[in-house]
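Read through the structure below, which is laid out as C-alpha cells, and then see the notes.
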Amino acid sequence: MTAISTNPVVSVLDKCKSLCELRQIHAQMIKTNLLNHQFTVSRLIAFCSLSGVSGGLDYASSVFSRIQHPNSFIFFALIKGFSDTSNPVESLILYARMLSCLNYSSGVEFSIPSVLKACGKLLAFDEGRQVHGQVLKTHLWFDPFVGNSMVRMYIDFGEIELARRVFDRMPNRDVVSWNSMIAGYLKAGEIELASELFDEMPERDLVSCNAMIDGYGKCGRCELAEKVFETMSDKDVVTWTSMISAYVQNRCPMKALDLFREMLSLGLRPDGPAIVSVLSAIADLGFVEEGKWLHAYVSMNKIELSSGFIGSALIDMYSKCGYIENAYHVFRSISHRRNIGDWNSMISGLAIHGLAREALDIFVEMERMDIEPNEITFLGLLSTCSHGGLVEEGQFYFESMHEKYKIVPRIQHYGCMIDLFGRAGRLEDALGVIQNMPFEADLLAWKAILSASMKHGHIEIGKSAALRAIELAPDDSSSYVLLSNIYAKAGRWDDVAKIRLMMRQRGVKKIAGCSSMLVNGKVHEFLLGKELDSSYSGQVLAKIAEVVSRLKLQGYEPDLTQVLLDIEDEGKESLLNLHSEKMAIAFGLIHINKSAPIHIVKNLRVCCDCHCFMKLVSKVYNRQIIMRDQNRFHHFENGCCSCNEYW
DNA sequence: CTAGGGTTAG
C-alpha cells in the first residue's frame with residue numbers, strides 16, 4: 001500500500017496542468033497496472049474533477065464509467081466536481097446510485113454537503129428535503145459542515161425562514177453558520193435581521209464584517225458600513241473593496257477614490273475586483289489621469305483584460321471620461337475571449353458619445369460572431385436608439401429581443417421604449433406603452449413622459465406625469481423642477497410659484513449644480529453661485545461678464561425661464577451667469593491652451609441656457625468643448641453640438 | 001466539504 005501511495009506516477013499527478021499531460025499519466029497508470037487499485041483510481045478521478053483543469057470533469061466521468069465497483073471516495077470526487085458546475089444535476093444522479101450500491105457506513109456521508117449544494121443550485125426542493133430527512137436520522141446532524149450546507153441550500157431556495165429554522169436548531173454552530181445566515185438575510189434584503197445576528201454573534205471574523213459592509217452599502221446605508229469598517233483592526237483587500245464599492249454605489253465617487261489611495265499608501269496591492277470598483281468611481285468623476293494610471297497598473301501586473309470585468313470597466317471609464325478612442329482601442333485589444341460585458345460597455349460607450357450608428361454596428365458584429373446578447377445589451381441598444389432618434393430601429397430591436405433571443409423585457413426595457421417615443425415627440429405611443437406593459441409604471445417611466453412633455457410643450461400631459469412622479473418620489477427635486485420649467489416656458493408664473501411653495505413646504509432640496517474640470521493635473525470644482533477655489537473667483541466672474549456681452553452681440557439671449565425664482569429679470573440674468581458650467585467655461589477660456597479642448601463634467605443635466613451659451617462660445621471663441629452631464633456627452637464645435645436634445 | 005468584494009443600463 002505504501003508503495004502505491006508514494007508511486008512516482010501518483011505524485012506527478014499533483015503537478016499536472018493540462019488535459020494532455022493528464023492523458024500521459026493515465027496511460028502510464030494503465031501500463032503499470034495501477035488502475036486496478038482503488039486508491040490510485042480515486043486519486044486520478046479526484047484530480048481530474050477537482051483540479052480545475054479544463055475538460056477534467058468529462059475525463060473523470062469517462063474514467064469513472066469503466067470502474068466496476070467504485071468506492072465512496074471515487075463517488076465523492078465526482079459528486080463534488082459536478083456540484084461546482086452550473087448544472088450539477090449529475091451530482092444527484094451519482095448520489096442516488098451510490099446509495100443503492102454502497103451501505104451507509106462506508107463513507108457515503110462525505111458527499112452530503114456537495115449534494116446539498118447541488119440541490120440548492122438546481123432549486124431541487126424535494127430532493128433537498130429528502131437529504132435533509134436522511135441527515136436528521138443520523139449523527140450527521142451534529143456536523144457543522146452538513147448543517148451549514150443545509151442553511152445555504154434553503155437560502156438558495158429563497159426559503160429564508162426554513163434556513164433560519166435549521167440554523168436555530170443546529171447543535172454545533174460555528175462562525176460559518178452565522179456568516180451564512182447573515183449572508184442569506186442580506187441577499188433577501190432583510191438588513192435589520194442581518195444586523196441583529198451580526199450584533200448577537202459570539203465571535204466575528206473578517207468574512208462577517210466584510211459581508212456587513214457590503215450589505216449596508218447595497219441598501220444605501222453608507223454610515224453604517226463606515227462604522228463597521230472603522231472598528232476593524234484587521235482589514236484585507238475584500239474589506240477595502242467592499243467599502244469602496246459601497247461609496248461607488250451611493251454616489252460618493254470622491255470618497256471611493258480617496259479610500260483607494262489610502263489602501264495603496266498602506267502597501268496593499270489591489271486585485272481585479274478592487275480595480276474594477278475604483279474604475280467605476282473614476283468614470284463617475286471623469287478623472288482620466290487616474291484611469292490611465294490604473295490601466296498601466298493592469299498591464300504592468302499582467303492582469304488579463306479578459307479576466308473578470310477589467311476590460312469592461314476600462315472601456316466604461318475611458319468612454320465616460322470622453323476618451324472614446326481609447327475605449328475602442330481597449331475593446332479591440334481584447335480580441336479573444338471577449339466578455340459580454342465588454343460588448344455591452346462598448347455599445348453604451350459609443351451611445352453616450354452620440355455615435356448611435358457605430359453602436360448598432362457593434363451589435364451587428366456581435367450577432368455575426370454568434371455572441372449571445374443579454375438583457376443589458378438590449379438596455380444599451382434601446383437607449384442608443386432613443387437618444388439617437390432611431391425610433392424604427394428601436395422598435396425592431398425591442399421585438400427581436402423576445403422573438404429572436406427569448407429575453408423577457410423588464411420594466412427598464414419598457415422604460416426605454418417610453419423614452420424612445422417620448423423623445424421623438426410621439427407622446428401618444430409613449431403613453432400607449434405605459435398602458436399595455438405588464439408592469440405598473442415606475443418613477444423612470446413617468447419622468448420619461450415628463451421630460452418629453454417638457455421638450456415638446458405638452459403642458460397637461462406633463463402636469464399629470466409630474467404629479468405621478470412626485471407621488472412616487474416626493475423627495476426627488478427633479479420632477480418639481482421639470483414641471484416648473486414647463487410652466488415657465490408657457491409663461492404661467494403663478495403655477496411656477498406654487499411649485500416652489502410646494503417644494504419649500506415639503507422640505508424638498510434642490511441638488512446644487514456642480515461642474516468640475518481637470519487643469520494641469522489639478523481638479524477644479526465649481527458650485528452654483530460660488531467657485532470653491534476662491535482665489536480665482538473675481539477673475540472668473542469678470543470673464544463670464546465679458547463673454548456674455550460678446551455673445552450678446554452674436555444674438556445670445558439669456559433664457560430667463562430657466563430661473564425659477566419670481567424676481568426681476570435683471571436678477572434672473574445675474575443668477576443665470578452663476579451656473580456652474582458657465583464658471584467652468586470661463587475658467588477654461590482663461591487657463592486652457594487654445595489648441596486643447598475644454599473638458600467639463602457636470603453632476604446634473606445642463607440647462608437650455610447653458611447649452612446655447614456653450615454652442616456660441618465654441619463658435620465665437622473657436623474652441624472645442626466636451627461636456628458630460630450625468631452620463632451623456634456634448635461635443636461643441638463651431639456653434640454646433642453633437643447631441644440633438646436641445647432646441 | 002461550508003461563509004465575504006467587481007463592470008455594462010438607469
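Other residues, nucleotides and ligands place more than 12 heavy atoms under 6.0 Å from the OH atom of A/Tyr297.
Side-chain proximity of A/Asp214 to B/dG5, B/dG10, B/dC1: nearest is B/dG5. The A/Gln249 side chain lies nearest to B/dG6 when the options are B/dA3, B/dG5, B/dG6. For A/Lys80, the listed nucleotide lying nearest its side chain is B/dT2; candidates were B/dT2, B/dA9, B/dG10. Listed nucleotides: B/dT8, B/dG5, B/dT7. Nearest to the side chain of A/Asn344: B/dT8. Picking from B/dG4, B/dG5, B/dG10 the nucleotide with the shortest atom distance to the side chain of A/Val207 gives B/dG4. You'll find that the side chain of A/Val238 is closest to B/dG5, out of B/dT2, B/dA9, B/dG5. For A/Asp316, the side-chain atoms get nearest to B/dT8 when compared with the rest of B/dC1, B/dT8, B/dG6. In the set B/dG6, B/dG10, B/dA9, the nucleotide with an atom closest to the side chain of A/Ser348 is B/dA9.
In this model, the phosphate group of B/dG10 is approached by a side-chain N or O of A/Ser383 to a distance below 4.0 Å at OP1 or OP2. Regarding contacts with the backbone of B/dT7, every side-chain N or O of A/Ser345 stays at 4.0 angstrom or more from both OP1 and OP2. Between A/Lys320 and B/dA9 there is a side-chain polar atom (N or O) within less than 4.0 angstrom of OP1 or OP2. Listed pair A/Lys117 / B/dC1 fails the phosphate criterion, with no side-chain N or O lying under 4.0 Å from OP1 or OP2. Neither OP1 nor OP2 of B/dG4 sits under 4.0 Å from any side-chain N or O of A/Lys218.
Separating the CG atom of A/Asn148 from the C1' atom of B/dT2 is a distance of 5 Å, rounded to the nearest angstrom. Here the P atom of nucleotide B/dC1 and the CZ atom of A/Phe76 are 7 Å apart, to the nearest Å. Distance CZ (A/Arg632) to P (B/dA9): 9 Å, rounded to an integer number of Å. For the pair A/Leu197 CG and B/dG4 P, the interatomic distance rounds to 15 Å; values are reported in whole Å. Going from atom NZ of A/Lys447 over to atom C1' of B/dG10 covers 10 Å, rounded to whole Å. Summarising the geometry, the separation between CD1 on A/Ile347 and P on B/dG10 is reported as 12 Å, rounded to the nearest angstrom. For A/Met212 and B/dG5, the CE to P distance is 13 Å, given to the nearest whole Å. Atom CD1 in A/Ile244 sits roughly 15 Å away from atom C1' in B/dG4 (whole-Å rounding).
For the residue pair A/Asp174 / A/Ser177, a side-chain donor-acceptor distance below 3.5 Å is found, with atom types taken as modelled. A donor atom on one side chain and an acceptor atom on the other are found under 3.5 Å apart for A/His295 and A/Tyr318. Side-chain polar atoms of A/Tyr247 and A/Glu226 form a donor-acceptor pair below 3.5 angstrom.
Note on A/Val237: a base of the nucleic acid sits closer than 4.0 angstrom, heavy atoms only. Using a 4.0 Å heavy-atom distance criterion, A/Asp205 is classed as a base contact. Contact annotation for A/Asp236: base contact, defined as any heavy-atom pair under 4.0 Å involving a base atom. Note on A/Ser180: only backbone sugar-phosphate atoms sit closer than 4.0 angstrom, heavy atoms only; bases stay farther off. Within the 4.0 angstrom heavy-atom criterion, only backbone atoms of the sugar-phosphate kind lie near A/Leu444; the bases stay farther away.
A donor-acceptor contact under 3.5 Å links the side chain of A/Thr241 to the base of B/dG5. In terms of polar N and O atoms assigned as donor or acceptor, the side chain of A/Ser312 comes within less than 3.5 Å of the base of B/dT7 in a complementary pairing. In terms of polar N and O atoms assigned as donor or acceptor, the side chain of A/Asp271 never comes within less than 3.5 Å of the base of B/dG6 in a complementary pairing.
Centre separation under 5.5 Å together with a plane angle under 30° holds for the ring of A/Phe309 and the six-membered base ring of B/dT7, marking them as stacked.
Legend: residues meeting side-chain hydrogen bond (donor to acceptor under 3.5 Å, both in side chains) with A/Asp271, ordered by chain and number and at least two apart, are absent. The side-chain hydrogen bond (donor to acceptor under 3.5 Å, both in side chains) check on A/Asp205 picks up A/Asn179, A/Ser208, with sequence neighbours excluded.
Partner A/Phe378 forms a ring pair (Phe, Tyr, Trp, His ring centres under 6.0 Å) with one of A/Tyr414, A/Tyr405, A/Phe396 and no other, that one being A/Tyr405.
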